Asks: 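Please read through the structure below; I'll follow up with questions.
Counting begins at 1 with the first residue of the sequence. If you're wondering where the values come from, they're calculated on a predicted model, not measured in any experiment.
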Amino acid sequence: MKDEANVRVEEEAIIAMLMMRAKALGEKNAKDALSYETEDEIEFSLAPPLVYYGKDEAGLQAWFDTWEGPIGGDVRDARLTVGEDVAFWSGLTRMTGTKTDGAVVDLWFRQTLGLVKQDGRWLVAHQHASVPFAMDGSGRALLDLKP
């Protein structure tokens, strides 16, 4: 995939897919959000357990149900690298909103997405989200960092 015009077309397709996926996540639509992921996706999310395998619509919807209203977001320092049928995206992602218990969330975290092209569609095959932790021996997650 050396042709710059071709690379640009693929970049635009990936960005469009990621925007539609973000919209579904923000609207708490588990079925639509998962439609942008492979069946055998692997996810290292902020929540336990250490790893998720495959799609879990009921689990995602249960998490969505812990939020009042939509889930907001923002992205900074995004980078996209595109190959012929594999790509990866990384950036700083912000999640905002209010939980059903009244807790206000405003969290920046690191995110990396591995993408594959299947049957002409770009899909998320790998997700990794993390927050830094204090290196002072406390092991405390640093949830208040901002870019």
Asks: Applying the 4.5 Å side-chain criterion to the ILVMFWY set and letting contacts propagate, would Leu123 and Ile14 be lumped into a single cluster?
Replies: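 Per the 4.5 Å side-chain linkage, Leu123 and Ile14 are not co-clustered.
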Asks: Between Phe64 and Leu25, is any pair of side-chain heavy atoms under 4.5 Å apart?
Replies: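 Yes, at least one pair of side-chain atoms sits under 4.5 Å.
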Asks: Side-chain heavy atoms under 4.5 angstrom apart, residues restricted to Ile, Leu, Val, Met, Phe, Trp, Tyr: same cluster for Val75 and Phe109?
Replies: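 No; Phe109 is not reachable from Val75 via cluster members.
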Asks: Do you reckon Ile15 sits in the same ILVMFWY cluster as Met20, going by side-chain contacts under 4.5 Å, direct or chained?
Replies: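 Yes.
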Asks: If you round to the nearest 0.5 Å, how far is CZ of Arg121 from OG1 of Thr38?
Replies: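 Output value for this atom pair is 11.0 Å.
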Asks: Does any non-hydrogen side-chain atom of Val116 lie less than 4.5 Å from one of Asp85?
Replies: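 Contact flag for Asp85/Val116 side chains = no.
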Asks: If you measure from CD on Glu39 to CD on Gln118, what distance do you get to the nearest 0.5 Å?
Replies: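 Answer for the CD-CD pair, Glu39 versus Gln118, is 9.0 Å.
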Asks: Measure the spacing between OG1 of Thr96 and CH2 of Trp67 and express it to the nearest 0.5 Å.
Replies: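 Answer rounded to 0.5 Å: 7.5 Å.
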Asks: State whether the side chain of Lys55 and the backbone N or O of Leu34 hold a donor-acceptor pair below 3.5 Å, judged by distance alone.
Replies: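 Flag set: sc Lys55 to bb Leu34 pair under 3.5 Å.
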Asks: Of all the heavy-atom pairs spanning Ala24 and Ala33, show the shortest one and how long it is.
Replies: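 Reported closest heavy-atom pair: CB-N, 3.5 Å.
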Asks: Does anything in residues 137-147 pair up under side-chain hydrogen bond (donor to acceptor under 3.5 Å, both in side chains), and if so which pairs, sequence neighbours excluded?
Replies: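 Residue pairs passing side-chain hydrogen bond (donor to acceptor under 3.5 Å, both in side chains), neighbours aside: Asp136-Ser138.
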Asks: Take Val51 and Ile42 through the test side-chain contact (heavy atoms from CB on, under 4.5 Å) and record every step on the way to the result.
Replies: CA-CA 7 Å; Val51 63; Ile42 186 168; 3.5 Å; yes
Asks: Atom CZ of residue position Phe44 - does it have more than 12 heavy atoms of other residues, nucleotides or ligands inside 6.0 Å?
Replies: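 Counting neighbours around CZ of Phe44, more than 12 heavy atoms of other residues, nucleotides or ligands fall under 6.0 Å, so yes.
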Asks: Is any side-chain heavy atom of Leu145 less than 4.5 Å from a side-chain heavy atom of Pro132?
Replies: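 With C-beta onward as the side chain, the pair touches.
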Asks: Where do Trp122 and Gly83 come nearest, in terms of heavy atoms and distance?
Replies: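 Smallest heavy-atom distance, with atoms named: CH2-O, 3.9 Å.
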Asks: Atom CH2 in Trp108, atom CG in Leu92: separation rounded to 0.5 Å?
Replies: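 If I round to the nearest 0.5 Å, the distance is 6.5 Å.
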Asks: Apply the test side-chain contact (heavy atoms from CB on, under 4.5 Å) to residues Val105 and Lys99: give CA-CA distance (whole Å), side-chain angles for both, the deciding distance (0.1 Å), then the verdict.
Replies: CA-CA 7 Å; Val105 175; Lys99 303 291 276 186; 3.8 Å; yes
Asks: Please check if Leu143 and Val104 belong to a single hydrophobic cluster, counting links between Ile, Leu, Val, Met, Phe, Trp and Tyr side chain heavy atoms closer than 4.5 Å.
Replies: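 They do not share one cluster, since no chain of ILVMFWY contacts under 4.5 Å joins Leu143 to Val104.
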Asks: Kindly indicate whether the side chain of Asn29, heavy atoms from C-beta on, has any atom under 4.5 Å from the side chain of Lys31.
Replies: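 Asn29 vs Lys31: side chains touch.
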Asks: Rounded at 0.5 Å granularity, tell me how far OG1 in Thr93 sits from CG in Leu46.
Replies: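 The CG atom of Leu46 is 9.5 Å from OG1 of Thr93, to the nearest 0.5 Å.
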Asks: Check the pair Asn6, Glu10 against side chain to side chain donor-acceptor pair (under 3.5 Å), reporting the backbone distance first and the verdict last.
Replies: CA-CA 6 Å; Asn6 212 12; Glu10 296 299 348; 5.5 Å; no
Asks: Testing Val82, Leu18, Val124 one by one against Trp89 for a side chain to side chain contact (heavy atoms under 4.5 Å, CB included), which residue passes?
Replies: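 Going through the options one by one, the only one that passes is Leu18.
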Asks: Between Arg8 and Glu12, is there a salt bridge with N-O shorter than 4.0 Å?
Replies: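 Here Glu12 pairs with Arg8 in a salt bridge, since their nearest N and O are under 4.0 Å apart.
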Asks: Does Phe88, at its CZ atom, have more than 12 non-hydrogen atoms belonging to other residues, nucleotides or ligands within less than 6.0 Å?
Replies: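 Counting neighbours around CZ of Phe88, 12 or fewer heavy atoms of other residues, nucleotides or ligands fall under 6.0 Å, so no.
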Asks: Nearest 0.5 angstrom please: Ile71 CD1 to Met95 CE, how far?
Replies: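 Going from the CD1 atom of Ile71 to the CE atom of Met95 covers 7.5 Å.
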Asks: Which pairs, with at least one residue in residues 126-135 and sequence neighbours excluded, count as a side-chain hydrogen bond (donor to acceptor under 3.5 Å, both in side chains)?
Replies: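 Pairs touching residues 126-135 that pass the test: Arg21-Gln127, Glu37-Gln127, Glu41-Gln127, Arg110-Ser130.
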